[in-house]
Peer 1: 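Before I ask anything, let me first share the structure, which is written out below as structure tokens.
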Protein chains: 4
Amino acid sequence: MSRKLDILETARRLFNESNTQAVTTNHIAKAMGISPGNLHYHYKNREEIILLLYRDMRAKMSLSIDALPKTFQALEAHQKVLIGIQWEYRFFFREMLFLFSRDAELQREYIEDNIAHRSRIKLVLESFVESEELNIDNEILLEYIVDAILMAWQFYTSYMQTLGRPLSRKSAEEAVQYASNTMKPYKVKQEKV
Amino acid sequence: MSRKLDILETARRLFNESNTQAVTTNHIAKAMGISPGNLHYHYKNREEIILLLYRDMRAKMSLSIDALPKTFQALEAHQKVLIGIQWEYRFFFREMLFLFSRDAELQREYIEDNIAHRSRIKLVLESFVESEELNIDNEILLEYIVDAILMAWQFYTSYMQTLGRPLSRKSAEEAVQYASNTMKPYKVKQEKV
Amino acid sequence: MSRKLDILETARRLFNESNTQAVTTNHIAKAMGISPGNLHYHYKNREEIILLLYRDMRAKMSLSIDALPKTFQALEAHQKVLIGIQWEYRFFFREMLFLFSRDAELQREYIEDNIAHRSRIKLVLESFVESEELNIDNEILLEYIVDAILMAWQFYTSYMQTLGRPLSRKSAEEAVQYASNTMKPYKVKQEKV
Amino acid sequence: MSRKLDILETARRLFNESNTQAVTTNHIAKAMGISPGNLHYHYKNREEIILLLYRDMRAKMSLSIDALPKTFQALEAHQKVLIGIQWEYRFFFREMLFLFSRDAELQREYIEDNIAHRSRIKLVLESFVESEELNIDNEILLEYIVDAILMAWQFYTSYMQTLGRPLSRKSAEEAVQYASNTMKPYKVKQEKV
DNA sequence: CATGAATGAGTATTCATTCAT
DNA sequence: TATGAATGAATACTCATTCAT
């Protein structure tokens, strides 16, 4: 791996281990055995590193999407892939709003992406309604389910932590089950919970 | 108001306006027109101020509870009261996990309180099941609804911000409607969404 | 002397000895035996120190002016007083244009003051013309003499240095003689050069 | 133009645009699209670049001199040529004394050259006295006029800036008129001011 | 000639906290 | 209670210069 990418990787790992404020650029450099000057040769500052890490995550997530999932199984499979990527960048979801208050550009991009994400979720649900797999006749109700799924996607891991539950990629994946439960009362052919 | 309480009030206000890292103890002192030394006479450090603000919030929330709500209306009324208090301390919910990584004691207390909060929510739902207002025959499903309500309680405001929606106490109260929607499919006498 | 004033004095002395870029705020602190943090408690940064030193100099110069000098002797006496003050802040005249490129506010204030200074010089010369001590019938010529005097006031010391001449307060005072020579051909009662 | 000369040209341009401290060797390299290593292959450091730029300017000025000017017109024509060269290296005159404090060799050479320059000016004036175009019977007065001309040559542009006047090659040339005004009272055949 | 990553000392600045008064 | 000067370690960042390729 190139030095430039290695810095991002090290930063990501350290951010996940503690938090972005505790991990200074000098810490990152020290952890890699390079000089602080070298790190700043590659990246202007920590803000830039965080923004680039976010864009990396977004790129990975985008690449994981071929087409909108057509079945519940495809949906769940896709959610698991996204959660796997999210897990690699979990520092971001843990500090999201704090990071926004430090970098308006990051906030702008994230919100833009998140609104697009919400639209895709809605499209998927609408396709399920059309194919009569979901029985939702009410726009407001549909919006609610979309919000429930997106909120869980973004905050389920945080929520687990507010209950002191041990954190792992495995437990993060429970968000898939959570989303499934949200849709359950509206599924035409009921699956078991 | 006493000087000691005034410091907490000023800190709370400034924290809400920006974020806890940006607001230094010297900023708080300056905003009040007192000396930094005086602030530290009253409180050891910023960590202590944040911890005490959390305890204040918790105390206010506890005081707002007489008994567990027996009706949906009582539940919603109670939720609105809690959201009003939460709004006053919104910096806390915005930075929660970040603050935990800086103060283990705060984390410990919050998790303890949050687990208790979860139990109360569950008790309320169980009483609704018993009184046949809710039709939930499945423990896992019940747990899901509890999680949905508690997650919304903690993260609905954050969620709104990740979509770039304007923030206000009013919009924070939409979390009540959200919780209601979660329970809706299981309500015996359906209300309109 | 108070610590706050002492910092300005030390900075002024060190600036005179080398140059403003070589003298860092940490150097000033070290020279005083105080911590770098303490210096920054009193002054935001070096730019502020330089600006305040300039304002101090200006204030001292303003105080030295009662009324416009009415005789050549009074004029020369006044010039000597100003040169004495200038000598204390000689770093400023040595780096003037460089300092302007680093601090637009300093530049603005200096230019404003300098234009006012030029007006006063012109008024003095006009009063000499009116009292028939100077024989200048030509506005352009008058402007030239004003410029010659003001240029010498600002750059005579620098000029001496470009010839490698030893620098001292004494030699700086030769600027008075220089100004006198400029006016000499127009003096009605000639003095000896 | 060779790479080596191109570096000097770029440095000169950038120095004129801001100031020598603000223009790092990396800036120069970036502006040329070459690597910092390459720049340092050609020149040891920024000091060397500045010194060589000074020597270039001096060489150009020397080349512009055939013989000492014999008439006022020839003198003015020559002054304009010199000011044109000076204008190309105006950063140098703007920061002169500051640069001396950073590079003793530069200072030594400049002073040596400047003393020689002063001698030439004096010779020209003496030739005018001999040919009875100037009426100066006094050595001290002659020295004064020499100083006035040389000071204007070096600092007229700086002086203009201390009055906030817009800077241009055109306005720099006013120094010629200034020098002419200095000699005017002593000219045997008066010209118009 | 040329690259460009790398160094590392330097520079300015911040801020929670202490402490004499 | 209160002041506010003082500390000093920490932090982010810069930049002339080196050097392996």
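This is a predicted model, so every value here is computed, not measured. Proteins get letters first, then strands, A, B, ... in listed order; numbering begins at 1 in each. Basis for what follows: all heavy atoms, side chains included, without hydrogens, waters or symmetry-related copies.
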Peer 1: Taking side-chain contact (heavy atoms from CB on, under 4.5 Å) as the definition, give me every residue that meets it alongside B:S35, ordered by chain and number, with sequence neighbours left out.
Peer 2: B:N38

Peer 1: What pairs meet the ring pair (Phe, Tyr, Trp, His ring centres under 6.0 Å) rule with one or both residues in residues 9-53 of chain C, with sequence neighbours excluded?
Peer 2: C:F15-C:F91

Peer 1: For DNA chain F, what dot-bracket results from Watson-Crick or G-U pairs at under 3.5 Å, with [ ] for crossers and | for inter-strand partners?
Peer 2: .||||||||||||||||||||

Peer 1: For residues 101-110 of chain D, which residue pairs qualify under side chain to side chain donor-acceptor pair (under 3.5 Å), counting only residues two or more places apart or in two chains?
Peer 2: C:N19-D:S101, D:Q21-D:R102, D:R55-D:E109, D:R58-D:E109, D:E105-D:R108, D:R108-D:E112, D:Y110-D:Q154

Peer 1: Rounded at 0.5 Å granularity, tell me how far OG1 in D:T20 sits from CG in D:L99.
Peer 2: 5.0 Å

Peer 1: Search all heavy atoms of D:L8 against all heavy atoms of D:L53 and return the closest pair with its distance.
Peer 2: O-CD2, 3.5 Å

Peer 1: Please step through side chain to side chain contact (heavy atoms under 4.5 Å, CB included) for the pair B:F93 and B:Q86, ending with a clear verdict.
Peer 2: CA-CA 8 Å; B:F93 290 86; B:Q86 186 189 59; 3.2 Å; yes

Peer 1: Tell me the salt bridge (Lys or Arg N to Asp or Glu O under 4.0 Å) pairs involving residues 12-25 of chain C, sequence neighbours left out?
Peer 2: C:E9-C:R12, C:R13-C:E17

Peer 1: Please give me every residue in residues 13-21 of chain D whose heavy atoms get under 4.0 Å of an atom in DNA chain F, ordered by residue number.
Peer 2: none

Peer 1: Using a 4.0 Å cut-off to any heavy atom of chain A, which nucleotides of DNA chain F are the first and last in contact, reading 5' to 3'?
Peer 2: F:dT11 to F:dC15

Peer 1: For D:K30, give me all partners under salt bridge (Lys or Arg N to Asp or Glu O under 4.0 Å), at least two apart in sequence or on another chain.
Peer 2: none

Peer 1: Only pairs at least two apart or in different chains count here, so list each salt bridge (Lys or Arg N to Asp or Glu O under 4.0 Å) that has a residue in residues 86-99 of chain B.
Peer 2: B:K60-B:E88

Peer 1: At a heavy-atom distance below 4.0 Å, what parts of residues 23-36 of chain A sit against DNA chain F?
Peer 2: A:T24, A:T25

Peer 1: Check the pair D:Y54, D:L106 against side chain to side chain contact (heavy atoms under 4.5 Å, CB included), reporting the backbone distance first and the verdict last.
Peer 2: CA-CA 8 Å; D:Y54 168 65; D:L106 177 65; 3.6 Å; yes

Peer 1: Could you list by number each residue of residues 38-53 of chain D showing a heavy-atom separation from DNA chain F of less than 4.0 Å, or answer none if no residue does?
Peer 2: D:H40, D:K44, D:N45, D:R46

Peer 1: Counting only non-hydrogen atoms, which of residues 96-103 of chain A are less than 4.0 Å from DNA chain E?
Peer 2: none

Peer 1: Any heavy-atom pair between the side chains of D:I49 and D:I7 that's under 4.5 Å?
Peer 2: yes

